Q: 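One structure, as structure tokens, below. Some questions next.
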Amino acid sequence: MVSWNVLIAGYAQNGYVHEADCLFQQMQQEGIELDNVAWNALIAGYSLNGHSHKAFKLLLQMDSLCMKPDSVTFLSILKAWSVFTRPENVCLIHSLILEWELHVDVMVANTLIDVYGKCGSIDDARRVFDMLNIKHNVVSWNAMIIGYAQHSLGQEAFDLFTKMGCIGVEPDKFTYASILKAVSSILALDHGKLVHDQVIKSGFQGDVFVWSSLMDMYVKCGSPEDAQRLFLQTCGQDTVMWNALISGHAYNNDYNLALHCFQDMQQGDCGLD
RNA sequence: GUUCCUUGUGCC
């Protein structure tokens with residue numbers, strides 16, 4: 001059984017969903033008892049290859065065969081439905097998750113927060129977040145903060161950021177990149193500077209994601225000089241930081257500066273495109 | 001053995 005499952009997963013992960021499905025059906029016809037791992041492997045295969053409807057169908061089929069979908073099943077399903085999806089679809093999946101009482105699984109809940117946020121249902125995301133209550137980890141906070149950022153709800157994000165500090169959840173590099181995007185979205189330079197201080201204190205200045213987010217925050221909040229200053233503290237090898245800087249100058253109508261910056265980058269000869 | 005949850009710029 002185990003080796004059959006490995007085979008299904010192997011096909012599925014490498015884009016051979018059809019082959020995986022054939023194998024799966026063959027096993028069914030031969031009366032082999034297919035366990036959750038087999039089902040999950042096939043569902044994951046369809047999910048990974050963009051066949052969200054088929055993945056969902058399989059989930060319903062599991063239900064009708066009295067199988068019990070687990071957190072792995074739903075993490076796959078949610079992944080499939082996380083791109084360009086409508087809130088109603090997420091709601092439907094959510095209701096099934098509640099039915100199976102898998103909302104208590106922190107990874108499932110975190111994924112729900114993320115997907116709700118990405119499809120525009122920030123209130124639903126918050127409800128899931130609040131339901132998690134004591135069980136949420138740093139990923140839950142991060143998912144919620146980036147959701148607010150994507151909705152330009154910078155103050156809500158900042159309140160959460162402050163709150164997590166109060167109750168002793170340590171921000172990580174994801175938190176910093178996310179909160180910086182959030183404060184940029186409302187042009188809150190003062191908040192951004194507070195976060196900057198914390199980045200230094202907590203030792204995340206070496207992370208390119210965090211540092212470029214800081215630069216971008218200064219650019220978006222109308223302080224490209226600060227962005228420039230941060231940039232000079234790096235080795236100048238990161239394309240994203242260059243882009244942030246150049247667009248920042250262009251944004252502030254400093255086309256000469258933007259051009260100079262661009263030329264510097266080309267002369268830098270560090271293998272950039 | 002199956003899924004492994006969240007983060008950066010611009011262009012399109």
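Model, not experiment: these values are computed from the prediction. Convention: sequence-line order gives letters A, B, ...; per-chain numbering from 1. Computation of the quantities below employed the complete heavy-atom set of this structure, encompassing side-chain atoms and omitting hydrogens, waters and symmetry-equivalent molecules.
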Q: So, does A:K173 get its side chain near the phosphate of B:rU7, meaning an N or O under 4.0 Å from OP1 or OP2?
A: no
Q: Indicate the atoms forming the closest heavy-atom contact of A:M62 with A:I43, along with that distance.
A: SD-CD1, 4.0 Å
Q: Nearest to the side chain of A:K220 - B:rU7, B:rC5, B:rU9?
A: B:rU9
Q: Any donor-acceptor pair, under 3.5 Å, between the side chain of A:S212 and the base of B:rG8, if you only look at N and O atoms?
A: yes
Q: Which nucleotide in the list B:rU6, B:rU3, B:rU9 gets nearest to the side chain of A:Q13?
A: B:rU3
Q: Using OP1 and OP2 only, check whether a side-chain N or O of A:Q150 sits under 4.0 Å from B:rU7.
A: no
Q: Consider only side-chain N and O atoms of A:Y218 and A:H196, and report whether a donor and an acceptor are under 3.5 Å apart.
A: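 Yes, a side-chain donor-acceptor pair sits under 3.5 Å.
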Q: Contact class for A:V6 (heavy atom, under 4.0 Å): base, sugar-phosphate, or nothing?
A: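 Sugar-phosphate: the residue A:V6, judged by heavy atoms under 4.0 Å, touches backbone atoms but no base.
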Q: Would you classify A:V208 as touching base, sugar-phosphate or nothing, given that sugar-phosphate means primed atoms plus P, OP1 and OP2, and contacts are heavy atoms under 4.0 Å?
A: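 Base contact.
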Q: Quick check on B:rC4: is either OP1 or OP2 less than 4.0 Å from any side-chain nitrogen or oxygen of A:K79?
A: yes
Q: What pair of heavy atoms forms the shortest contact from A:G147 to A:I122, and how long is it?
A: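 Smallest interatomic distance, heavy atoms only, reads C-CD1, 3.4 Å.
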Q: Checking all strands, does A:D207 fall into the base, sugar-phosphate, or nothing category for heavy-atom contacts under 4.0 angstrom?
A: nothing
Q: Here's one to test your reading of the geometry: is the NZ or CZ of A:K173 within 45 degrees of the ring axis of A:F209 and under 6.0 Å from its centre?
A: no
Q: So what does A:A177 touch, heavy atoms closer than 4.0 Å: a base, only the sugar-phosphate, or nothing?
A: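 Base: the residue A:A177, judged by heavy atoms under 4.0 Å, touches a nucleobase.
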Q: When you get a sec, tell me which of B:rG8, B:rC4, B:rU9 is the closest nucleotide to the side chain of A:A244?
A: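 The answer is B:rU9, which lies nearest to the side chain.
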